[in-house]
Amino acid sequence: AANPGIRERLTPIHRFDLRPNRNGGIDADELPLDASGGHLVVDSSLPAPRYALFDNWRVVPPEEALDAMRQPGYRPMQLVVVSGDMPGFMVAAEPGTPSPQPVEVLSHTARRRQVKTVSEFPAVLRIAERVHPDWKVTLDGEPAELMRADHLFQAVCVPAGIHEVSLTYAPSALPWILQVLGYAAAG
């Protein structure tokens with residue numbers, strides 16, 4: 001069954017089905033919007049902000065995140081589903097009110113993001129960007145864990161108060177080193 005929390009934010013705009021054709025390609029057949037099956041293209045009436053601070057979260061193992069988001073009680077932008085080891089200050093905290101709080105963006109470049117958070121309670125900062133291990137996080141200048149939010153996005157746990165979170169893209173040099181060694185060995 002579809003989650004009503006998600007369904008209420010989406011407007012169907014196009015439904016189609018794919019089938020192989022005689023030339024080895026794929027054809028798309030238009031379907032009525034109210035038909036079942038096929039593929040559905042939707043428009044979101046309330047796109048999520050890039051940065052949002054949640055004091056309402058649910059912790060699940062990574063392999064259970066999508067199932068948790070399919071549950072009837074899941075409401076996007078009211079609850080964030082987090083995977084990872086929660087810091088001690090988060091474990092003791094009671095999830096709070098179901099509404100994200102704004103975040104002040106201090107800087108946003110291709111390789112670095114810096115935000116300021118203000119919260120009365122411990123919270124989860126959800127960053128609407130794909131989680132990747134090459135992003136490194138600091139909380140008030142100290143290393144912090146980059147977690148997974150809503151299966152796909154980045155998350156950082158922040159304690160109550162005013163804090164600065166920095167994310168820096170620092171790709172590993174290992175793939176480049178292996179590529180150079182491969183070229184050297186081949187040549």
Side-chain angles (χ1 to χ4, degrees), residues 1-10 40 42 44-108 110-172:
N3 182 324
I6 294 172
R7 179 177 271 171
E8 66 195 23
R9 293 179 53 194
L10 303 175
L40 183 63
V42 298
S44 175
S45 62
L46 183 63
R50 183 176 297 264
Y51 304 97
L53 194 61
F54 289 82
D55 56 5
N56 195 16
W57 65 86
R58 180 172 173 212
V59 182
V60 299
E63 63 275 7
E64 295 176 18
L66 285 175
D67 287 335
M69 294 170 66
R70 287 187 194 108
Q71 298 302 312
Y74 174 73
R75 297 286 191 263
M77 296 312 299
Q78 292 182 0
L79 171 74
V80 64
V81 175
V82 182
S83 301
D85 295 326
M86 298 296 271
F89 65 84
M90 297 295 284
V91 173
E94 288 293 323
T97 58
S99 61
Q101 299 173 34
V103 174
E104 180 183 349
V105 178
L106 302 175
S107 70
H108 181 101
R111 293 184 172 261
R112 185 163 168 77
R113 283 94 162 104
Q114 218 169 352
V115 298
K116 178 180 167 185
T117 65
V118 179
S119 179
E120 293 180 40
F121 305 100
V124 175
L125 172 64
R126 185 176 79 31
I127 302 125
E129 288 194 36
R130 187 176 74 92
V131 70
H132 192 278
D134 286 341
W135 283 98
K136 307 303 178 210
V137 180
T138 61
L139 175 65
D140 298 328
E142 297 295 322
E145 182 181 355
L146 181 64
M147 300 176 67
R148 186 177 292 270
D150 296 337
H151 180 68
L152 179 66
F153 300 127
Q154 301 171 348
V156 179
C157 294
V158 294
I162 301 171
H163 300 282
E164 188 173 300
V165 177
S166 296
L167 293 100
T168 304
Y169 185 70
S172 168

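Here the structure is a predicted model, which means the values were calculated and not measured.
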Student: Is there a donor-acceptor pair closer than 3.5 Å between any side-chain N or O of N56 and the backbone N or O of Q78?
Tutor: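 Yes, because the side chain of N56 sits within donor-acceptor range (under 3.5 Å) of the backbone of Q78.
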Student: Hey, could you give me the OG1/NE2 distance between T138 and H163, rounded to the nearest 0.5 Å?
Tutor: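 Rounded to the nearest 0.5 Å, the OG1-NE2 separation comes to 13.0 Å.
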Student: Would a 4.5 Å heavy-atom cut-off, applied to side chains only, mark P122 and P159 as touching?
Tutor: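 P122 does not reach P159 side chain to side chain.
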Student: Give me the atom names and distance for the closest heavy-atom approach of A110 to W135.
Tutor: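 Closest approach of A110 to W135: O-CH2, 3.8 Å.
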Student: How close do A68 and V81 get, heavy atom to heavy atom, and via which atoms?
Tutor: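 Scanning both residues completely, I find the closest heavy atoms to be CB-CG1, 4.1 Å.
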Student: Please round to the nearest 0.5 Å and tell me the distance separating atom NE2 of H151 and atom CD of E64.
Tutor: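 Answer for the NE2-CD pair, H151 versus E64, is 13.0 Å.
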Student: To check you understand the geometry: which heavy-atom pair defines the closest contact between Y74 and L79, and what is its length?
Tutor: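 Looking at all heavy atoms of both residues, the shortest contact is CE1-O, 3.4 Å.
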Student: What heavy-atom pair brings S83 and P62 nearest, and what distance separates the two atoms?
Tutor: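 For S83 and P62, the tightest heavy-atom pair comes out as OG-CA, 3.4 Å.
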Student: What is the distance from atom CG of L125 to atom CG of L167, rounded to the nearest 0.5 Å?
Tutor: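 Taking CG in L125 and CG in L167, the distance rounds to 7.5 Å.
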Student: Where does the angle between the aromatic ring planes of Y51 and H108 fall among parallel (under 30°), tilted (30 to 60°) and perpendicular (over 60°)?
Tutor: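 Plane angle over 60°, so perpendicular.
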Student: For M90 and A123, work out which heavy atoms get closest and say how close.
Tutor: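 In this case the closest contact between M90 and A123 is CE-O, 3.4 Å.
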Student: Under 3.5 Å, is there a donor-acceptor pair between the side chain of S119 and the main chain of F121?
Tutor: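 Present.
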Student: If I compare all heavy atoms of V156 with all of L146, which pair ends up nearest, and what's the gap?
Tutor: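 Closest approach of V156 to L146, heavy atoms only: CG2-CD1, 4.4 Å.
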Student: Under the salt bridge (Lys or Arg N to Asp or Glu O under 4.0 Å) rule, what pairs show up with a residue in residues 144-165, not counting sequence neighbours?
Tutor: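 Of all non-adjacent pairs touching residues 144-165, those that pass salt bridge (Lys or Arg N to Asp or Glu O under 4.0 Å) are R126-D150.
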Student: Considering only heavy atoms from C-beta outward, does the side chain of M86 approach that of V82 to under 4.5 Å?
Tutor: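 Touching, per the 4.5 Å side-chain cut-off.
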Student: Between C157 and F89, is the side-chain contact (heavy atoms from CB on, under 4.5 Å) condition met? List the steps.
Tutor: CA-CA 9 Å; C157 294; F89 65 84; 4.1 Å; yes
Student: Hey, mind stepping through Q114 and R112 against side-chain contact (heavy atoms from CB on, under 4.5 Å) and telling me if it holds?
Tutor: CA-CA 7 Å; Q114 218 169 352; R112 185 163 168 77; 3.7 Å; yes
Student: Which pairs, with at least one residue in residues 127-140 and sequence neighbours excluded, count as a salt bridge (Lys or Arg N to Asp or Glu O under 4.0 Å)?
Tutor: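 Matches after skipping sequence neighbours: R50-E129, R113-E129.
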Student: If I take atom CD from residue E104 and atom CG from residue L53, how far apart are they, to the nearest 0.5 angstrom?
Tutor: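 CG of L53 is found 12.5 Å from CD of E104.
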Student: Enter the distance from L139:CG to S166:OG here, rounded to the nearest 0.5 Å.
Tutor: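 If I round to the nearest 0.5 Å, the distance is 9.0 Å.
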